[in-house]
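Right, one structure below, let's go through it.
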Amino acid sequence: MTRRKTPKVARPKGLRRGVELLKDLLILLLTCSALFLAWQTPMLNQLQGWIAPPAPVYIEPSARSEEALTPYALRVQNSLGAYAVSYDGPTLTRVFQRFSSLLGEALTTTETPEQANLRQWQALLEAPGLYCALRGTLPLSLLPEWLGMEGAVSSRADALVLAWDGAWVWLGWREGNSFYRVRTQVDFAGEMGRLVEDFSPNGGAFAYTLSEDSAFEALDPYVLITPTVPQPKRYTAAAPDLTGDAETLTRLLNALGFLSGAGDAYETPGGLTVTENGDRLQVTAAGKVTYRAGEEPRFPVNGPSAAQAAQAAWELLCRVAEPFENTPAYLLTGVEPTEGMGWTVTFEARLDGIPMTTGASGWCARFTVEEGRITEFTLTLRTYTPTGEVTPVPDHRLAAAALRSIPESDGSLVLCYTDNLSPGLTVGWMTQE
């Protein structure tokens with residue numbers, strides 16, 4: 001039997017072998033490049049989501065988070081008199097930020113708070129220091145934690161005061177009709193004393209100090225009466241076209257870290273819906289955005305505290321609004337515990353330092369934080385364009401007199417815009433709920 005010989009195969013040598021290796025390398029590079037480009041196309045976005053869950057949207061903490069706590073009215077008392085300002089956004093922000101580190105330091109005190117009587121509370125209001133009227137009743141731990149401090153005071157407040165009684169600097173706060181105070185380690189002889197004396201008095205006063213004028217009898221004693229009448233601007237209101245403009249919807253999806261494009265949205269009653277990895281996002285033509293989380297933590301929260309929940313909600317709200325022009329500022333108005341050991345965080349819109357009620361609920365955004373993540377939120381995206389005109393409003397005295405015709409009024413008096421989700425805004429004095 002004749003044995004067949006194995007045919008000889010020509011093997012590249014020298015220069016030819018080098019050429020073949022370069023060809024193989026070029027093919028490999030082209031293949032990798034093609035796969036990379038394909039991975040970036042919308043056609044494979046959904047496939048990418050099936051292979052791995054979406055990366056969590058980590059949001060860098062803002063150095064200006066205290067803007068969400070800026071009061072709508074404040075008063076500085078010094079040796080010459082009182083300076084007061086209300087509903088003036090730039091001035092309120094500037095003054096509050098000058099005092100924020102002192103307030104944060106005061107709120108880290110380890111002393112035990114005590115309930116204060118009316119005389120002690122009013123003594124703090126009339127002593128050298130700062131008074132702030134807040135929108136909503138908020139945990140006092142928010143400010144120090146947002147400033148990177150360890151918050152020690154666990155109470156809630158709708159107004160607070162930092163004042164020097166001649167020996168100690170006290171932190172006082174009001175919650176409804178109850179007053180509290182605690183001694184702090186803030187040194188009045190240092191930064192606080194110098195800061196307080198920087199302000200020139202303008203005659204701002206609390207309603208209870210104007211008792212000789214019967215018009216103010218209908219007011220809550222601690223309504224702050226400023227010397228000038230606010231001049232609110234007129235605005236037109238609109239909603240971004242989230243259902244009819246693919247580019248606008250894409251900006252929203254990008255802000256929320258959704259890989260799905262606008263082309264993946266499908267119609268549902270009232271608007272459009274996008275689903276991705278179990279997460280569900282719904283939008284309407286009126287600017288309403290609703291999110292329900294799936295199993296993966298798309299929006300993680302850094303810890304279980306009220307301040308950490310509020311911080312995460314604040315940063316996400318700002319992130320959503322950033323791609324759109326003429327959005328308002330946002331004011332934190334509530335951080336309430338949920339049955340699931342989490343928090344419900346609410347915000348109101350604010351224009352030029354004036355709070356705004358939106359729709360029937362009043363808030364413009366509400367977030368639920370549970371199990372270390374934002375599990376759902378509802379917000380209304382609105383844009384506001386000034387017309388160049390102002391809306392005349394009565395002064396505090398006339399507004400106070402008008403309260404006599406409202407028997408159920410609690411005496412509070414707050415200037416507010418109202419957005420009923422129509423093209424125009426109204427503005428006027430309201431009683432605070």
Side-chain angles (χ1 to χ4, degrees), residues 62 64-74 86-90 92-93 96 132-139 142-143 146 156-160 223-224 230 232-233 235 237-240 286-290 306-307 309-322 324 326-336 343-369 374 376-384 391 393 410 412-422 424-433:
S62 169
R64 305 292 293 277
S65 299
E66 65 268 27
E67 290 181 0
L69 297 176
T70 301
Y72 66 86
L74 57 79
S86 60
Y87 312 114
D88 179 341
L92 287 165
T93 298
F96 184 68
C132 299
L134 304 175
R135 183 74 170 155
T137 303
L138 300 173
L142 293 173
L143 182 60
W146 284 9
R156 304 171 68 86
D158 49 51
L160 54 86
V223 171
L224 190 56
K233 297 177 183 178
Y235 287 86
K288 184 177 180 180
V289 181
T290 304
Q311 175 80 52
W314 159 256
E315 298 292 349
L316 182 55
L317 177 58
C318 292
R319 182 188 180 103
V320 170
E322 184 179 9
F324 303 97
N326 299 323
T327 54
Y330 297 104
L331 189 66
L332 181 65
T333 55
V335 185
E336 301 293 336
W343 303 96
T344 298
V345 184
T346 54
F347 295 88
E348 283 184 352
R350 179 178 59 190
L351 289 175
D352 305 318
I354 300 175
M356 180 190 302
T357 61
T358 304
S361 63
W363 47 260
C364 69
R366 182 178 65 185
F367 297 78
T368 300
V369 178
I374 295 175
E376 60 183 72
F377 65 74
T378 299
L379 59 88
T380 303
L381 272 176
R382 300 281 282 171
T383 60
Y384 303 96
T391 300
V393 296
D410 60 359
S412 62
L413 192 66
V414 181
L415 186 65
C416 282
Y417 283 104
T418 300
D419 184 355
N420 291 321
L421 308 183
S422 59
L425 299 180
T426 59
V427 63
W429 295 105
M430 300 175 62
T431 58
Q432 184 168 326
E433 296 179 1

Where the side chain of T93 meets the backbone of P90, is there a donor-acceptor pair that is under 3.5 Å apart?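 No; zero donor-acceptor contacts below 3.5 Å.
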
Compare every heavy atom of [Y] with every heavy atom of [X], then report the nearest pair and how far apart it is.
X: A306; Y: P139; value: CB-CG, 4.2 Å
X: E348; Y: W363; value: CG-CA, 4.3 Å
X: P328; Y: R350; value: CB-O, 3.6 Å
X: L332; Y: A310; value: CD2-CB, 4.1 Å
X: L134; Y: P71; value: CD2-CB, 4.2 Å
X: V414; Y: Y72; value: CG2-OH, 3.7 Å

Please assess F377 against V289 for the test side chain to side chain contact (heavy atoms under 4.5 Å, CB included), listing each intermediate value before the final yes or no. CA-CA 8 Å; F377 65 74; V289 181; 4.0 Å; yes

Would N326 and Y384 count as a side chain to side chain contact (heavy atoms under 4.5 Å, CB included) if you check the C-alpha gap in whole Å, the side-chain angles of each, and the deciding distance to 0.1 Å? CA-CA 5 Å; N326 299 323; Y384 303 96; 5.5 Å; no

Distance (rounded to the nearest 0.5 Å) between [X] [atom1] and [Y] [atom2]:
X: T426; Y: Y235; atom1: OG1; atom2: OH; answer: 14.5 Å
X: T327; Y: L381; atom1: OG1; atom2: CG; answer: 8.0 Å
X: R366; Y: L317; atom1: CZ; atom2: CG; answer: 14.0 Å
X: L425; Y: C416; atom1: CG; atom2: SG; answer: 12.0 Å
X: T357; Y: D419; atom1: OG1; atom2: CG; answer: 8.0 Å
X: L379; Y: K288; atom1: CG; atom2: NZ; answer: 10.0 Å

Any side-chain heavy atom of L351 within less than 4.5 Å of one from M356?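 With C-beta onward as the side chain, the pair touches.
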
Heavy atoms, side chains only, cut-off 4.5 Å: are T358 and L421 in contact?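 Contact flag for T358/L421 side chains = yes.
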
Test side chain to side chain contact (heavy atoms under 4.5 Å, CB included) on F367 and W343 and set out the steps. CA-CA 8 Å; F367 297 78; W343 303 96; over 6 Å; no

Single hit among L92, L160, D158 for side-chain contact (heavy atoms from CB on, under 4.5 Å) with C132: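 Passing option: L160.
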
Could you tell me whether E336 and R156 have a side-chain N and a carboxylate O separated by less than 4.0 Å?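 Yes, E336 and R156 are salt-bridged.
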
Go through the steps to decide whether V393 and Y87 satisfy the test side chain to side chain contact (heavy atoms under 4.5 Å, CB included), and finish with yes or no. CA-CA 13 Å; V393 296; Y87 312 114; over 6 Å; no

